[in-house]
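A short write-up of the structure that comes next.
Computed over heavy atoms, backbone and side chain alike; hydrogens, waters and symmetry mates excluded.
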Amino acid sequence: LMDGDILVLCSDGLHGLVSDHEIQSTVIGNIPKRAVDRLVSLANEAGGHDNITVIVARFGKANPKLTNKIVNKFSWMSVFWKFIRRFFRT
């Protein structure tokens, strides 16, 4: 895997109902948690006749713009993210 790669693991409850293009465009433009929520919603809107399991993992350095959106929403996480940034600084 390379820096910035995104890995999607899912059950047929997602890929059987949501197109590859929809999955790709959803995960590229969102943080993983938001992408998972949106993909599950898309599958449910398309019928959701099976269990829907989705994992989205982004590898490499965090995108500061996306990370800052998370930190602003969860103030308790700001201390955590500062620690992570300092600990993994290269």
Side-chain angles (χ1 to χ4, degrees):
L1 293 170
M2 309 252 331
D3 192 30
D5 282 352
I6 301 170
L7 181 65
V8 178
L9 302 172
C10 64
S11 65
D12 61 344
L14 177 71
H15 74 78
L17 297 172
V18 180
S19 73
D20 290 347
H21 176 74
E22 286 178 298
I23 293 171
Q24 180 183 15
S25 63
T26 300
V27 300
I28 287 175
N30 292 290
I31 61 173
K33 168 70 171 117
R34 190 170 297 137
V36 166
D37 292 343
R38 180 67 185 135
L39 290 170
V40 170
S41 293
L42 287 171
N44 280 323
E45 291 168 11
H49 55 76
D50 199 357
N51 293 331
I52 304 164
T53 305
V54 184
I55 298 171
V56 175
R58 188 179 306 265
F59 293 88
K61 295 181 181 176
N63 180 335
K65 291 179 183 177
L66 294 177
T67 302
N68 288 336
K69 287 181 184 179
I70 297 169
V71 170
N72 291 336
K73 286 189 173 190
F74 303 101
S75 60
W76 65 269
M77 287 186 68
S78 64
V79 173
F80 172 75
W81 281 114
K82 286 177 186 176
F83 170 78
I84 293 297
R85 287 184 187 136
R86 189 174 305 138
F87 185 78
F88 289 104
R89 190 173 285 158
T90 55

Looking only at heavy atoms, which two atoms of [X] and [Y] are closest? And how far apart?
{"X": "Ile23", "Y": "Leu39", "value": "CA-CD2, 3.8 Å"}
{"X": "Ile52", "Y": "Asn44", "value": "CD1-OD1, 3.3 Å"}
{"X": "Ile6", "Y": "Ile28", "value": "CD1-CA, 4.1 Å"}
{"X": "Asn30", "Y": "Arg58", "value": "O-NH2, 2.5 Å"}
{"X": "Ala43", "Y": "Leu17", "value": "O-CD1, 3.6 Å"}

More than 12 heavy atoms of other groups within 6.0 Å of Asp5 CG: yes
Salt-bridge present (Arg38, Glu45; N to O < 4.0 Å): yes
Please round to the nearest 0.5 Å and tell me the distance separating atom [atom1] of [X] and atom [atom2] of [Y].
{"X": "Thr26", "Y": "His21", "atom1": "OG1", "atom2": "NE2", "value": "8.5 Å"}
{"X": "His49", "Y": "Asp12", "atom1": "NE2", "atom2": "CG", "value": "7.5 Å"}
{"X": "Ile55", "Y": "Ser11", "atom1": "CD1", "atom2": "OG", "value": "10.0 Å"}

